[in-house]
J.: 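Quick one: structure below, then a few questions.
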Amino acid sequence: MGLNNILEIKNIISGYGTTNVINNISFGINESSILAISGRNGVGKSTLLKTIIGIVESKSGNIFFMNKNITKNRPTERSILGIGYVPQGRDIFNSLTVEENISLPAISRRMKNLKNELEKIYSVFPILKEKRNDLGGSLSGGQQQQLAIARSLIFNPKVLLLDEPSEGIQPSIVSSIAEKIHNIAIELKTAFVIVEQNISFISKLSCDCFIIDKGVISSKISSKDFSDVDKARKALSLEL
Ligand SMILES: Nc1ncnc2c1ncn2[C@@H]1O[C@H](COP(=O)(O)OP(=O)(O)OP(=O)(O)O)[C@@H](O)[C@H]1O
Ligand SMILES: [Mg+2]
């Protein structure tokens, strides 16, 4: 196991019933770093993130987080240890306010320093402070994605798993979301594993990207291949 890896996935096999969707995947990620994962629809990108957070059980292999084997831990235990997860579709509560959406997980765990944590989050997402009393359902797609990320930051995760953060977001907002992710990685030292199919978003993350196909990592595209979006599109479409 790489000593610097905060999260290490080793030979993971997982799926539903007798069907394997993830067929032996291994990778590691360092503190504060960003990794993108892409691939065609239905190849198992969401299943991989669900396996890391523990919603889907690993059939074999191991998951290490901060050198602790968490393969058998429940999802809530993993989140308490420091793995955050924003599902595909975001799961914002439309009829709760922005601040209630952010606070809810903290209140249910009786967090003491909630006010300070809220201020820290609002300093990363000033728009959410401005809209703290608005209903979640009234926000734009981009603001809802910021809210979903903000909510998952309340327990100071060391790794944040994001499933298709650019889905349903206007192209003009995509780069500002990428910028927020960079800020969080640097300022809060959070690492990110980001499942994404939007090439221009991946290029703005300027990180390495693994392509999943047939349940395995079929190729790795380095960040420098994304410096030119057209080149990246070509590289990805060869794989997708
Ligand atoms: N709860 C479930 N029960 C049974 N099969 C499932 C379940 N969830 C997903 N699958 C199947 O597992 C495979 C991988 O699905 P998954 O959602 O992980 O793919 P994905 O790469 O995230 O797709 P997309 O790009 O559409 O988000 C698909 O064949 C899907 O039908
Ligand atoms: Mg998915």
Side-chain angles (χ1 to χ4, degrees), residues 7 9-27 29 34-63 70-76 78-79 83-92 141-142 144-149 151-152 157 159-171 173-174 177-178 181 191-205 207-221 226 229 232-240:
L7 178 71
I9 311 299
K10 279 258 185 204
N11 304 111
I12 283 295
I13 296 177
S14 71
Y16 306 95
T18 53
T19 309
N20 292 343
V21 173
I22 301 302
N23 259 317
N24 196 356
I25 284 189
S26 303
F27 65 87
I29 178 164
I34 302 174
L35 173 68
I37 293 179
S38 197
R40 284 180 310 222
N41 288 114
V43 291
K45 304 180 297 298
S46 295
T47 302
L48 177 61
L49 294 190
K50 286 175 184 168
T51 309
I52 298 173
I53 193 65
I55 297 168
V56 170
E57 227 175 88
S58 310
K59 294 181 183 181
S60 81
N62 286 292
I63 302 171
I70 59 157
T71 319
K72 301 285 178 212
N73 288 72
R74 295 147 72 88
T76 45
R78 297 185 202 198
S79 86
I83 305 178
Y85 169 59
V86 178
Q88 193 166 5
R90 308 190 266 271
D91 288 356
I92 289 299
Q144 287 194 2
Q145 185 60 52
Q146 293 185 59
L147 177 54
I149 294 171
R151 182 171 58 182
S152 67
V159 176
L160 203 41
L161 314 173
L162 305 183
D163 199 345
E164 310 255 7
S166 84
E167 209 171 50
I169 292 179
Q170 289 176 334
I173 314 293
V174 159
I177 301 274
I181 288 170
F192 284 86
V193 179
I194 304 179
V195 161
E196 194 45 74
Q197 289 187 299
N198 179 327
I199 291 169
S200 79
F201 184 67
I202 301 174
S203 74
K204 293 200 167 75
L205 291 171
C207 64
D208 291 348
C209 179
F210 292 170
I211 308 296
I212 298 185
D213 194 21
K214 300 190 174 74
V216 300
I217 294 173
S218 60
S219 67
K220 300 177 186 182
I221 300 175
F226 281 103
V229 171
R233 189 165 282 129
K234 215 170 152 194
L236 269 176
S237 61
L238 282 175
E239 305 294 335
L240 293 178

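Ligands are counted one by one from 1 in listed order, and the atoms in each one are counted from 1 as well.
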J.: Would one find more than 12 heavy atoms of other residues, nucleotides or ligands at under 6.0 Å from atom NZ of K59?
T.: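 It does: K59 NZ has more than 12 such atoms within range.
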J.: Any idea which atoms of ligand 1 are less than 4.0 Å away from a heavy-atom of T47?
T.: 14 (C), 15 (O), 16 (P), 18 (O)
J.: Determine whether the side chain, the backbone, both or neither of N41 has a heavy atom under 4.0 Å from any heavy atom of ligand 1.
T.: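 Within the 4.0 Å criterion, N41 contacts ligand 1 through backbone and side-chain atoms alike.
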J.: What distance separates I9 CD1 from I52 CD1, expressed to the nearest 0.5 Å?
T.: 4.0 Å
J.: Tell me whether atom 6 (C) of ligand 1 lies less than 4.0 Å from at least one protein heavy-atom position.
T.: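 Yes.
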J.: What protein heavy atom is closest to atom 14 (C) of ligand 1, reported as residue, atom name and distance in Å?
T.: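 Protein heavy atom at minimum distance: G42 O, 3.4 Å.
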J.: For a 4.5 angstrom cut-off between non-hydrogen side-chain atoms, does R151 reach D91?
T.: yes
J.: Measuring from non-hydrogen atoms of G44 to any atom of ligand 1, is the shortest distance under 4.0 Å?
T.: yes
J.: Rounded to the nearest 0.5 Å, what separation is found between the OG1 atom of T51 and the CD1 atom of I12?
T.: 7.0 Å
J.: What do you get for the angle at the Mg ion (ligand 2) between OE1 on Q88 and OG on S46, to the nearest 10 degrees?
T.: 80°
J.: With a cut-off of 4.0 Å, which atoms of ligand 1 are near a heavy atom of Q88?
T.: 27 (O)
J.: Return the closest protein heavy atom for atom 25 (O) of ligand 1 as residue, atom name and distance.
T.: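 Going atom by atom, the protein heavy atom closest to atom 25 (O) of ligand 1 ends up being K45 NZ, 2.7 Å.
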J.: What do you reckon, does S46 have a nitrogen or oxygen under 3.5 Å from a nitrogen or oxygen of ligand 1?
T.: yes
J.: Which atom names give the shortest non-hydrogen contact between P165 and I194, and what distance separates them?
T.: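 Taking P165 first and I194 second, the nearest heavy atoms are CG-CG2, 3.6 Å.
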J.: Check this for me, if you would: do D163 and K45 make a salt bridge, where the nitrogen-to-carboxylate-oxygen distance has to be below 4.0 angstrom?
T.: no
